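Worksheet for the structure shown next.
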Amino acid sequence: MKTKIIAHRGGAAVKPENTLAAFKNAVELGADGVEFDVQLTKDGEVVVIHDEFINRTMTGEGLVKDHTLAELRQLSAGEFFDSEFKDEKIPTLAEVLELVQDLEVINIELKNFLPYPELEAKVLNLVDQFGIRDQVIISSFNHYSLQKLKKMQPEIKTGALMASKMINPADYAFKRGFDALHLHFLTADQEVVDKSHFMGMQLNVYTVNFPESVEELLAKGVDMIMTDDVEMALELRDKSLN
């Protein structure tokens with residue numbers, strides 16, 4: 001099994017996270033896939049951004065859900081990273097899918113600690129519009145949301161995101177019908193990797209930016225490594241295969 005290298009937020013080490021510049025770069029670097037976060041605007045558009053508040057990554061303030069798409073498009077989504085990216089705008093999910101639709105893995109994280117009742121349906125609709133259901137895995141820390149997705153479309157792949165070390169996470173995810181565990185890389189010991197695989201689930205890890213950690217996780221046989229530094233991880237993965 002070849003571990004897949006996934007560009008976390010498009011590869012946030014070298015380009016402004018969750019921007020079209022980042023996703024273009026991930027494709028050019030040869031990442032196996034991308035990971036990114038989605039939320040809804042005030043007018044119900046699915047946009048790609050990590051934080052509920054726009055303050056950190058955009059030239060404005062307040063919650064994503066309190067701005068229309070047109071209002072958000074007035075702001076820069078790249079200037080926080082470097083002035084050369086000041087013209088980057090917040091992308092819609094459709095714009096990102098247009099760019100990455102040929103990749104092997106498209107990991108869409110539903111960023112829905114805040115209630116976005118229509119988010120699941122809108123994401124599924126766009127996935128089917130692009131005909132990429134086989135490549136997509138939808139993850140969330142909100143496991144109620146993943147269960148809702150499974151009821152709406154049982155065949156969609158889902159990944160249960162977990163932040164802390166949990167007792168029997170593989171049993172937990174399997175019983176709820178999820179397809180993968182998405183663990184913080186420090187909590188992915190060999191036992192949970194092996195048990196997940198035994199139960200027919202993927203074991204994917206986030207966010208791995210240290211070379212020694214990438215090497216350890218490759219040796220453990222995890223399915224996907226999400227990283228901000230795609231080039232580094234691809235190099236180590238290719239070295240491990242030779």
Side-chain angles (χ1 to χ4, degrees), residues 3-41 45-60 64 67 69 72-111 119 123 126-127 130 132 135-140 159 161 182 184-185 204-211 213-214 224-238:
T3 299
K4 292 179 177 59
I5 305 302
I6 309 299
H8 178 252
R9 302 184 202 169
V14 291
K15 302 283 178 184
E17 65 179 65
N18 283 331
T19 59
L20 295 181
F23 297 118
K24 278 179 196 153
N25 190 58
V27 171
E28 285 163 9
L29 287 175
D32 299 303
V34 290
E35 181 273 352
F36 53 85
D37 315 271
V38 293
Q39 298 185 57
L40 290 182
T41 62
E45 296 290 336
V46 188
V47 288
V48 176
I49 184 171
H50 179 270
D51 301 3
E52 287 85 2
F53 283 90
I54 65 174
N55 304 43
R56 180 177 65 87
T57 59
M58 297 183 71
T59 51
V64 174
H67 295 78
L69 179 60
L72 291 170
R73 295 278 211 191
Q74 299 298 312
L75 309 171
S76 170
E79 198 171 329
F80 78 97
F81 188 86
D82 191 284
S83 59
E84 74 170 285
F85 298 107
K86 70 179 188 306
D87 293 333
E88 285 292 321
K89 303 298 182 191
I90 187 172
T92 62
L93 175 57
E95 287 168 339
V96 173
L97 293 181
E98 189 69 48
L99 263 182
V100 303
Q101 61 185 310
D102 295 330
L103 293 181
E104 204 176 334
V105 178
I106 301 164
N107 180 178
I108 304 171
E109 180 181 340
L110 304 185
K111 193 58 72 173
L119 185 60
V123 168
L126 276 162
V127 165
F130 278 86
I132 51 173
Q135 296 139 266
V136 165
I137 183 163
I138 300 180
S139 60
S140 184
L161 272 159
H182 286 212
H184 186 281
F185 76 99
N204 305 323
V205 289
Y206 70 92
T207 304
V208 196
N209 294 331
F210 306 105
S213 299
V214 172
M224 297 197 298
I225 288 175
M226 295 170 215
T227 179
D228 293 328
D229 192 343
V230 174
E231 220 164 348
M232 174 271 291
L234 283 172
E235 203 174 297
L236 291 172
R237 196 268 309 271
D238 294 344

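Computed from a prediction, not measured in an experiment: that's the story for all the values here.
Heavy-atom contacts from other residues, nucleotides or ligands closer than 6.0 Å to CD of Glu52 number more than 12.
Here the shortest heavy-atom pairing between Phe80 and Thr57 reads CD2-O, 3.2 Å. Of all heavy-atom pairs between Leu20 and Pro91, the closest is CD2-CB, 3.8 Å. Closest approach of Leu110 to Ser140, counting heavy atoms only: O-OG, 3.1 Å. Of all heavy-atom pairs between Thr19 and Pro16, the closest is OG1-O, 2.6 Å. Nearest heavy-atom pair, Leu126 versus Ala94, reported as atom, atom and distance to 0.1 Å: CD2-CB, 4.0 Å.
Judged as a salt bridge (charged side-chain N to carboxylate O under 4.0 Å, His left out), the pairs with a partner in residues 75-101 (not counting sequence neighbours) are, in order, Arg73-Glu95.
For the atom pair Asn204 CG and Leu161 CG, the distance stands at 9.5 Å (nearest 0.5 Å). We find the CD1-CD1 distance between Ile138 and Ile108 to be 5.5 Å, quoted to the nearest 0.5 Å. Rounding to the nearest 0.5 Å places CD1 of Ile90 at 7.5 Å from CG of Leu69.
Looking at Ser76 and Met58, their side chains never come closer than 4.5 Å, going by heavy atoms from C-beta outward. You'll find the side chain of Phe130 reaches within 4.5 Å of the side chain of Gln101, heavy atoms only. Contact annotation: the side chain of Leu29 approaches that of Asn25 to within less than 4.5 Å [non-hydrogen atoms, C-beta and beyond]. Taking the side chain as every heavy atom from C-beta outward, Thr41 and His67 never approach each other to under 4.5 Å. With a 4.5 Å cut-off on side-chain heavy atoms, Val46 and Thr92 do not count as touching. Using a 4.5 Å heavy-atom cutoff, the side chains of Val105 and Met224 are in contact. Side-chain contact between Ile49 and Asp37 is absent, with no heavy-atom pair separated by less than 4.5 Å.
The only member of Val100, Ile137, Val127, Ile6 that meets side-chain contact (heavy atoms from CB on, under 4.5 Å) when paired with Ile106 is Val100. A side-chain hydrogen bond (donor to acceptor under 3.5 Å, both in side chains) with Thr207 is found for exactly one of His8, His184, Arg9, Glu35, namely His8.
Every residue two or more places apart in sequence or in another chain that forms a side-chain contact (heavy atoms from CB on, under 4.5 Å) with Ala7 is listed here: Ala26, Ala31, Val34, Val230. Evaluation of the salt bridge (Lys or Arg N to Asp or Glu O under 4.0 Å) rule for Asp51 yields Arg56 as partners, not counting sequence neighbours. For Phe81, the ring-ring contact (aromatic ring centres under 6.0 Å, His included) partners are Phe85, not counting sequence neighbours. With sequence neighbours excluded, no residue satisfies side-chain hydrogen bond (donor to acceptor under 3.5 Å, both in side chains) with Thr3. In this view, Asp32 and Arg237 satisfy the salt bridge (Lys or Arg N to Asp or Glu O under 4.0 Å) rule, not counting sequence neighbours.
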Open item on the list: Assess the residue pair Val64 and Phe53 against the criterion (side chain to side chain contact (heavy atoms under 4.5 Å, CB included)); give the C-alpha distance rounded to whole Å, side-chain angles, the decisive distance to 0.1 Å, and a yes or no.
Closed with: CA-CA 6 Å; Val64 174; Phe53 283 90; over 6 Å; no
- [ ] I would like to know whether Leu99 and Val27 meet side chain to side chain contact (heavy atoms under 4.5 Å, CB included); could you show each step before the answer?
- [x] CA-CA 8 Å; Leu99 263 182; Val27 171; 5.6 Å; no
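Using a 30° and 60° split on the angle between ring planes, Phe210 and Phe185 fall in the tilted class, from 30° to 60°.
One finds a salt bridge joining Lys4 and Glu104 here, because a Lys/Arg side-chain nitrogen approaches an Asp/Glu carboxylate oxygen to under 4.0 Å.
A donor-acceptor pair under 3.5 Å is formed between the side chain of Thr227 and the backbone N or O of Val208. A donor-acceptor pair under 3.5 Å is absent between the side-chain atoms of Gln39 and the main chain of Val47, judged by distance alone.
Tyr206 and His182 have their aromatic ring centers separated by at least 6.0 angstrom.
A side-chain donor-acceptor contact under 3.5 Å links Asn107 and Ser139. For the residue pair Asn209 / Asp229, no side-chain donor-acceptor distance below 3.5 Å is found, with atom types taken as modelled.
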